[in-house]
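Nothing here was measured: the structure is a model prediction, and the numbers come from that model. Numbers here simply count residues along the sequence, with the first being 1.
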Amino acid sequence: MTKKISALLLCLLMVFCVTGCKKYKDTSSEATLSEESEPIEPTYYTNPLTGVSDYTENIATNRPVAIMINNIKSAQSVQTGVTKADIVYETEVEGGITRLMAVFQDVSSVSQIGSVRSARYPYVDLALGHNAFYIHCGQDPTYCAPHLKDIEDISIDSGKFGKRIQNGLSSEHTLYTFGDELWKGIKSTFKNTTQTNTQNWQYFVGNDESVRFDDLSCTKVTVPFSNSYSTSFTYDAQSGKYTRLSGANVLKDYKTGETVDVKNVFVLLTTISDYPDGKHRKVDLVGGDGYYITNGTYTFIKWSKGASTSSFKFTDTEGNPLKVNQGNSWVCIADKRTSNPSIQ
């Protein structure tokens with residue numbers, strides 16, 4: 001009897017040990033597997049210039065960089081870096097020509113930008129509206145030069161955050177800057193390179209929203225700045241973006257061959273007149289009427305800026321904040337008396 005009880009106890013003890021060990025081993029394995037299979041999700045922050053959440057915090061809070069880009073017709077074919085800009089501004093400078101100002105939230109990610117040209121008064125105001133660093137090569141000495149004291153700017157040249165690269169054109173059309181080198185130069189030149197109060201440039205809609213104006217279609221818009229200069233955008237329904245043209249020519253990046261494609265096009269109408277020298281153009285940035293073009297459609301808008309340090313405010317015709325699609329933008333500022341934009 002005693003032997004039978006001892007044998008039974010031995011069997012129970014063996015079962016208990018096997019069962020217990022197996023349970024402990026499985027639990028440990030599952031815990032280890034669970035820990036290894038749960039990746040840490042990165043946190044993305046909103047690019048305030050586009051409304052897209054695709055940046056790390058340190059980049060999203062950087063102050064933007066605004067760079068003057070040569071847009072004379074003979075130099076349009078050697079433009080590079082414009083495709084990477086978050087916002088591009090275009091308006092008259094002198095002689096019927098326009099110049100571009102490309103604004104970047106993360107200029108360090110753009111390999112080559114240019115060709116870089118001189119500063120003009122209205123572009124200083126546009127850069128101030130973003131609290132941006134203003135990059136140029138020289139300036140209009142009469143009207144713009146005194147205004148540069150109001151902004152943190154760098155006039156670059158060969159060896160000073162820039163390099164002249166032969167591109168088949170005369171020397172004044174050959175200056176380029178390089179994003180990473182430029183940003184390092186900015187950080188070494190200025191103390192405060194971050195925004196203390198980061199706000200979105202416009203009222204961008206959420207990821208699950210899309211702005212359309214189904215009663216007003218726009219597959220092409222042409223903005224004449226003068227008798228000799230006009231910029232057009234044609235809509236590509238597949239990409240949902242507008243491709244930039246100068247006259248009838250589709251413009252491509254000099255280095256990458258990419259077309260300039262933008263999600264949003266703004267046409268702002270104002271008064272543009274000559275300064276007393278009869279050469280340089282004075283652009284009124286107080287406010288006026290305009291158009292917002294996106295997703296193959298358009299609507300009429302009101303716009304205002306006012307003070308140099310103020311950003312643009314866009315509303316619908318009733319004064320409500322304009323809802324804007326996430327993405328990059330091109331802003332045309334044209335003379336309301338002569339431009340007469342064509343929308344098709």
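For the atom pair Asn328 CG and Thr50 OG1, the distance stands at 8.0 Å (nearest 0.5 Å). For the atom pair Gln79 CD and Tyr176 OH, the distance stands at 9.0 Å (nearest 0.5 Å). If you take CG on Leu245 and OG1 on Thr234, they are separated by 5.0 Å, rounding to the nearest 0.5 Å.
Between the side chains of Asn320 and Thr315, no donor-acceptor pair is found at a separation under 3.5 Å. With hydrogens and angles left out, the side-chain atoms of Asn62 and Gln195 include no donor and acceptor closer than 3.5 Å.
Cation-pi geometry between Arg99 and Tyr123 is not met: the NZ or CZ atom fails to fall both under 6.0 Å from the ring centre and inside 45° of the normal. Cation-pi check for Lys73 over Tyr229 is met; the charged atom lies under 6.0 angstrom from the ring centroid and within 45 degrees of its normal.
Separation of the Phe266 and Tyr292 ring centroids falls under the 6.0 Å cut-off. Under the 6.0 Å cut-off for aromatic ring centres, Trp183 and Phe190 do not qualify, their centroids lying 6.0 Å or more apart. Aromatic rings of Phe213 and Tyr298 (six-membered ring for Trp) have centroids beyond the 6.0 Å cut-off, not under it. The ring of His280 has its center no closer than 6.0 angstrom to the ring center of Tyr275.
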Given Phe233 and Trp330, is the ring pair (Phe, Tyr, Trp, His ring centres under 6.0 Å) satisfied, shown in steps?
CA-CA 10 Å; Phe233 299 88; Trp330 194 287; 5.7 Å; yes
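Considering only heavy atoms from C-beta on, Phe104 comes within 4.5 Å of Ile67 through its side chain.
Looking at every heavy atom in both residues, Leu126 comes nearest to Lys305 through CA-CE, 4.3 Å.
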